[in-house]
Amino acid sequence: MLDVRLIRTDFEGVRAALTRRADPTILEQLDHASSLDGRLREIIAERDGARRKVNEFSKTVGRLRTAGDTAAAQAAMATSREFGETERGLTAEHDEVSEALRQVLLRIPNLAHPDVPDGTGEGDNPLVKGPVNMPDAFADHQRVPHWETATALGILDNERAAKISGSMFTMQRGLGATLARALCQLALDNNADAFEEIRPPTLVTTATLTATGQLPKFADDAFAIERDDLWLIPTAEVPLTSLYAGEILDEAALPALLMAHTSCFRREAGSAGRDTRGMLRTHEFDKVEILAVALPEQAPALLAEMTARAERTIASLGLPYRIIEICTGDLGQSHHRSFDIEVFAPGTDCWLEVSSVSWFSDYQARRADIRFRRRGKSGTEIAHTLNGSALAVPRVWAAIIENFRQPDASVTIPDVLVPYMRGATSIAPR
RNA sequence: GGAACGAUGGCAGAGCGGCCAAAUGCAUCCGCCUUGAAAGCGGAAGGGUUCACGCCCCGGGGGUUCAAAUCCCUCUCGUUCCGCCA
C-alpha cells in the first residue's frame, strides 16, 4: 500500500508515476483517495479537539473532587459529557471515511521504479538477456511433450494423482520424484551461503495472508480450511514475509536473507481447462523461495543479486533460458521492479516462466508493518522487501524432460543433479 | 477438549479508576572523570500522527465511566495441570 502522505505531499508526482501503468481507472482511484484523505483530516482535527475538551474537563473533575467541591465537579462532568457526545459522532464518521480510504488505498498499485520500461502489457516486456544455451534447432526426439515422455518412463502418474485428489494434481514416481527433490536440494544448496533456511508453516491465518496482499483481493486463488480459519500458502513468500511482520528490526540485522522449500497450493480459479496436461499448472507444487528484508539503499543491489542467483541455478542445469524485464503495463500490483526467467521447452514449444524476482520497495512492508531503526537515529522507517523463486519444480522438471530427451526416449540428468540423484545419470525406459 | 494463571517500553518488571506514556533494574546513547577503558557521577532516550498545539497507542476487539494500563465481556497467544494422541 502506498503512503498516504506521499499522495498528500507529491500528488502530481504520484499521479505521473501511476500514469505509466497504462490503466486510467488507477488514476480515478488516486483522485478518490486524495479527496477522502482531505475529508478525513478535517474530521480528525475536529474529533481531536473534542477529545481534548473531554480530557481537560475530566481532569478538572478529579481536581474538584479532591478539593471537595462537589457541585463544580458535577458541572464539569456534564460539560465533559457533552463533548463526549460530539466526539462519539465524529469518531463514527472518522471510522467510516478511514475505512473507505483504506479500501481505495489497498487497490492502488505500487509506483514503478523509474528504470522500469514503459509498456501496456505482456507484449512490451523487453528481453534483457539471452536466449542463452539455445540451440540452432531442436531434434525430433526433443519435440515430445514432457507428459508423454514422463508417463512412458513411468516417472509421472497423473492419472492416479487425479484418482487420489482430482484434476490438476500431479504425482512423480521413482526417479521422477527423486528429480523433483533433487532440484529443490540444488536450489537450497546454491543459496545456503547467504540465505538462512527456514521450514515455515504451510497453513497460515487470515491475518498472515492479508499482510502479503493475497487477501482480500485474491481469495479465490487460495485454498481455505474454513473450519479452522486457515489458508494453504500459495508461495513461501507468505510466511517468510510475515516472519518479521509487526516488528521493528535493528539496522544491523538487515538485510535479512531467508529461503524456504515448501509446497505451494493454488486453486487456479479461472484457468480450468488451461495447461491441464503435464505439470505446467497444478494445484500443488514445490518451490524454493528466496526473500530479503532490506534497507532501502540495499534493495537495488539485492534485486540484481537475487536475479543472478536464480539465473545461475537455471544456467547450471544447461537449460535454454532468457531473462525479461516486466514493463509498467504488466508489473504486478505490489511490484516496484521485476525480472522473469523463462526456460524453453521444445516439447510443448513455448517459453515457461520459471522464476520471477521482484522488488516491492516499501509497499508490502508497509502493509505487513515491517520497520527498522537506524543506529543513533530516533524513529523508524519502513523496510524494503524483495523475493523471488530460486527454483520452481514443475516447469523446470518439465523442461529437463523435454530438453534432455534422447533418441532412445531416455532422459539424461544434468551433471549438477547427479549427486542428488543417488548417482543416476539418466532415466531410461524400463 | 477441560481448568487455572498470565500478556505493560529493546529485555526484565512495578503500577489505589483521575496527579500514568507509565516507577525501578539491565541494556543503549551523550557528557564528566581517566593516558585509554572499566567502575563511579551527571544527563538523554518508547511508538504513531501532526507544520505545531494536540490526539492516539499498556496483546486484539468491544463495553461501563465525566475519566480505563487499572473494572466488565470477548478473541488471540503464552505458561502450568488434566484428558486425548501421532
| query | Do NZ/NE/NH1/NH2 and the carboxylate oxygens of A:D193 and A:R309 come within less than 4.0 Å? | reply | yes

| task | Return yes if a side-chain donor-acceptor contact under 3.5 Å exists between A:Q172 and A:T170, otherwise no. | result | yes

| message | When the C1' atoms of B:U70 and B:C16 are compared, how many Å lie between them, rounded to an integer? | response | 9 Å

| With a non-hydrogen cut-off below 4.0 angstrom, is A:D250 in contact with a base, only sugar-phosphate, or nothing? | nothing

| Short side-chain N/O contact from A:N55 to OP1 or OP2 of B:C55, under 4.0 Å | yes

| query | Should A:E159 and A:K163 count as an ion pair when the cut-off is N to O under 4.0 Å? | reply | no

| query | Just checking A:R51: base, sugar-phosphate only, or nothing, at a heavy-atom cut-off of under 4.0 Å? | reply | sugar-phosphate

| note | Exactly one of A:R371, A:R374, A:R366 clears salt bridge (Lys or Arg N to Asp or Glu O under 4.0 Å) with A:E381, and that residue is A:R374

| said: Taking A:K287 first and then A:E289, would you say they form a salt bridge - that is, a charged N and a carboxylate O separated by under 4.0 Å? | reply: yes

| Carboxylate-amine/guanidinium proximity below 4.0 Å for A:E42 and A:R39 | no

| Length of the CD-P vector between A:E381 and B:G47, whole Å | 13 Å

| message | Does a side-chain N or O of A:R373 approach OP1 or OP2 of B:G47 to a distance below 4.0 Å, or not? | response | yes

| field | Separation of atom CG in A:D369 from atom P in B:G48, rounded to whole Å | value | 10 Å

| request: Measure from CZ on A:R63 to P on B:C20 and round the result to the nearest Å. | output: 13 Å

| message | Base, sugar-phosphate or nothing for A:T380? Non-hydrogen atoms, less than 4.0 Å. | response | sugar-phosphate

| query | Can you give one letter per nucleotide of nucleotides 57-66 of chain B, 5' to 3': B if a protein heavy atom sits under 4.0 Å from the base, S if only from the sugar-phosphate, - if neither? | reply | ---------B

